[in-house]
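See below for the structure under consideration.
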Amino acid sequence: MKRTIKLAAMFCGALATVTGFSSCSKDDKTECCTYSYTEDNVTYIAKACEDGTYSLEADGKVIESGTYDLEAGEWEIFKAIAKEEGGSCS
């Protein structure tokens, strides 16, 4: 499943329509999920928000961020996968 999250993050990057740093901080209406994992001694933190913003950090440095398009129901699927892998959403 770690690879699924990693692939999902890469897929989001491929679908990015705007690049640059995007905040995934929670406001009153936007839900965000955060998931972290370590691979080859590098800690990755993936953040995605219901509003279509995302970022991927490697050892505390943003290596990818932007926006993505969501189809109906995809946010709920993403949340379920993130939570199954130990991520959190708020």
Side-chain angles (χ1 to χ4, degrees):
M1 280 313 243
K2 287 181 183 180
R3 293 199 187 274
T4 301
I5 296 294
K6 188 175 180 180
L7 290 174
M10 288 181 195
F11 180 71
C12 288
L15 293 177
T17 56
V18 177
T19 60
F21 183 78
S22 296
S23 173
C24 279
S25 63
K26 183 182 180 202
D27 62 29
D28 291 337
K29 298 178 183 178
T30 303
E31 183 176 30
C32 297
C33 294
T34 303
Y35 172 76
S36 63
Y37 61 96
T38 301
E39 187 174 287
D40 298 328
N41 293 324
V42 176
T43 299
Y44 295 91
I45 300 173
K47 298 177 187 177
C49 297
E50 187 175 21
D51 67 0
T53 58
Y54 76 93
S55 67
L56 180 62
E57 296 179 11
D59 285 339
K61 295 181 183 180
V62 176
I63 59 172
E64 190 174 328
S65 65
T67 61
Y68 60 92
D69 294 324
L70 288 174
E71 298 292 326
E74 286 182 340
W75 177 247
E76 294 303 318
I77 294 168
F78 179 84
K79 280 185 1 181
I81 292 170
K83 288 179 180 180
E84 183 179 298
E85 290 298 314
S88 63
C89 300
S90 58

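By convention here, the first residue in the shown sequence is residue 1.
Within the 4.5 Å cutoff, no side-chain heavy atoms of Y44 are placed close to those of E57. Within the 4.5 Å cutoff, the side chain of K83 has no heavy atoms near those of the Y35 side chain.
With sequence neighbours excluded, the residues forming a side-chain contact (heavy atoms from CB on, under 4.5 Å) with S36 are I45, listed by chain and number. Here A80 pairs with nothing under the side-chain contact (heavy atoms from CB on, under 4.5 Å) rule; sequence neighbours left out. For T43, the side-chain hydrogen bond (donor to acceptor under 3.5 Å, both in side chains) partners two or more places apart in sequence, or in a different chain, are T38. Annotation: salt bridge (charged side-chain N to carboxylate O under 4.0 Å, His left out) contacts of E76 (sequence neighbours excluded): K79.
Counting only residues at least two apart or in different chains, disulfide bond (SG atoms under 2.5 Å apart) contacts with residues 58-90 comprise C33-C89.
Smallest separation of non-hydrogen atoms from C49 and Y68: O-OH, 2.9 Å.
Using a 3.5 Å distance cut-off with no hydrogens or angles, the side chains of Y54 and E64 do pair a donor with an acceptor.
A distance-only check finds a donor-acceptor pair linking the side chain of D51 to the backbone of T53 [under 3.5 Å].
For the atom pair CZ (F78) and CD (E50), the distance works out to 12.0 Å, reported to the nearest 0.5 Å.
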